Amino acid sequence: TLREQYRWSKSVHIMKYHFDRLRFGKANNLGYHFGMLERLFPRRTPTPTPLPQPNAQLALGALLVRVALANRQYLASEVAQIDRILAATFDLKPLDAAKLRAECEALERHAPGTPEFTEILRDEIPYSERLALGEAMWAVAMADGRRDEEEEQQLLAIETALGLSDNDIATARKNAI
């Protein structure tokens, strides 16, 4: 039919136009083709989810995750120890502790440095409980059964920033090892 011939003819002309552009160098670059694809399939930029405002729970969890990641290994035993500490410290069910840990992982990845977290804990938690937190952090560091220099350095920095005395830091280290 005449209509089919017209459609065929139009398709051939469009293909010939693009072929000629390629052959004669007018569109002989990747940018031209990428631009065509970009117009057909525009990019969607994901909207970043805002980070929660750190409180004592999130600060402690983020510091525990930071200790576990100090040696660049995040083992299942360390994750389980963090979950147990969060559950015991804040009286949470295991599932709630795991959710809190996941939130703390995201916060630790994108959040400020250690001093901001330790300041929150110093302001909200009494010394005796901060001492217990220092011991809990040693439990996370030793959850994999090995002493790592990176983890020890991270722990020393955190315990010092928490305002723990040198004697208490030495005692917590000795008890953990």
Side-chain angles (χ1 to χ4, degrees), residues 30 34 38 41-177:
L30 194 56
F34 185 73
E38 187 72 27
F41 305 105
R43 290 186 196 188
R44 294 184 185 150
T45 56
T47 56
T49 56
L51 292 175
Q53 198 63 21
N55 57 21
Q57 285 183 341
L58 293 174
L60 171 63
L63 288 175
L64 292 172
V65 170
R66 193 163 282 175
V67 167
L69 289 171
N71 63 350
R72 294 175 181 70
Q73 294 177 345
Y74 196 40
L75 304 175
S77 59
E78 294 170 329
V79 170
Q81 186 68 30
I82 292 171
D83 287 350
R84 282 192 293 273
I85 291 169
L86 291 174
T89 304
F90 300 112
D91 196 31
L92 300 173
K93 295 178 181 175
L95 184 60
D96 293 332
K99 288 179 183 177
L100 178 60
R101 178 193 32 85
E103 197 172 347
C104 293
E105 289 169 351
L107 185 63
E108 192 280 331
R109 226 180 347 256
H110 302 290
T114 300
E116 288 82 357
F117 290 138
T118 55
E119 183 179 341
I120 292 169
L121 293 173
R122 246 190 352 257
D123 292 344
E124 294 186 21
I125 297 177
Y127 185 83
S128 60
E129 291 180 23
R130 283 184 279 155
L131 182 59
L133 294 179
E135 291 173 359
M137 288 182 201
W138 273 104
V140 170
M142 298 304 292
D144 57 3
R146 294 178 295 153
R147 279 179 68 183
D148 288 316
E149 185 66 31
E150 296 91 357
E151 287 177 334
E152 285 192 34
Q153 289 175 354
Q154 184 74 33
L155 271 168
L156 182 61
I158 291 172
E159 288 173 327
T160 304
L162 282 173
L164 300 180
S165 70
D166 292 338
N167 290 337
D168 289 336
I169 292 171
T171 303
R173 178 184 295 178
K174 183 178 166 187
N175 291 342
I177 297 171

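All figures in this text were calculated on a predicted structure; none of them were measured in a lab.
- Residues meeting the side-chain contact (heavy atoms from CB on, under 4.5 Å) test with Ala98, sequence neighbours left out: Asp83, Arg101.
- Between Glu119 and Asp123 there is a side-chain heavy-atom pair separated by less than 4.5 Å.
- The salt bridge (Lys or Arg N to Asp or Glu O under 4.0 Å) contacts involving residues 162-177 comprise nothing, where partners must be two or more places apart or lie in separate chains.
- Residues satisfying the side-chain hydrogen bond (donor to acceptor under 3.5 Å, both in side chains) test with Arg84, not counting sequence neighbours, are Gln81.
- Taking CG from Leu58 and CG from Leu121, the interatomic distance works out to 10.5 Å, rounded to the nearest 0.5 Å.
- When all heavy atoms of Leu86 and Leu64 are compared, the closest pair comes out as CD2-CD1, 4.2 Å.
- Phe117 places none of its side-chain heavy atoms less than 4.5 Å from the side chain of Cys104.
- For Ile120, the side-chain contact (heavy atoms from CB on, under 4.5 Å) test picks out Pro54, Ala59, Glu124, with sequence neighbours left out.
- Applying the salt bridge (Lys or Arg N to Asp or Glu O under 4.0 Å) rule to Arg146 yields the partners Asp144; only residues at least two apart in sequence or on another chain are considered.
- The side-chain contact (heavy atoms from CB on, under 4.5 Å) test applied to Gln154 returns Arg66, Val67, Ala70, Thr114, Ile158, not counting sequence neighbours.
- Taking 4.5 Å as the limit, every side-chain heavy atom of Glu103 sits out of range of all side-chain heavy atoms of Lys99.
- Judged as a side-chain contact (heavy atoms from CB on, under 4.5 Å), and not counting sequence neighbours, the contacts of Thr171 are Asn175.
- The side-chain hydrogen bond (donor to acceptor under 3.5 Å, both in side chains) test applied to Asp148 returns Asn71, not counting sequence neighbours.
- Among pairs with a residue in residues 71-80, none fulfils salt bridge (Lys or Arg N to Asp or Glu O under 4.0 Å), at least two apart in sequence or across chains.
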Listing, residues 128-143 side-chain donor-acceptor contacts under 3.5 Å, not counting sequence neighbours, or none:
| from | atom 1 | to | atom 2 | distance (Å) |
| --- | --- | --- | --- | --- |
| Arg130 | NE | Ile125 | O | 3.1 |
| Arg130 | NH1 | Leu162 | O | 2.4 |
| Trp138 | NE1 | Glu159 | OE2 | 2.9 |

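- Here the side chain of Thr160 pairs no donor or acceptor atom with the backbone of Ala157 at under 3.5 angstrom.
- Residues Val65 and Tyr74 approach most closely at CG2-OH, 3.7 Å, considering heavy atoms.
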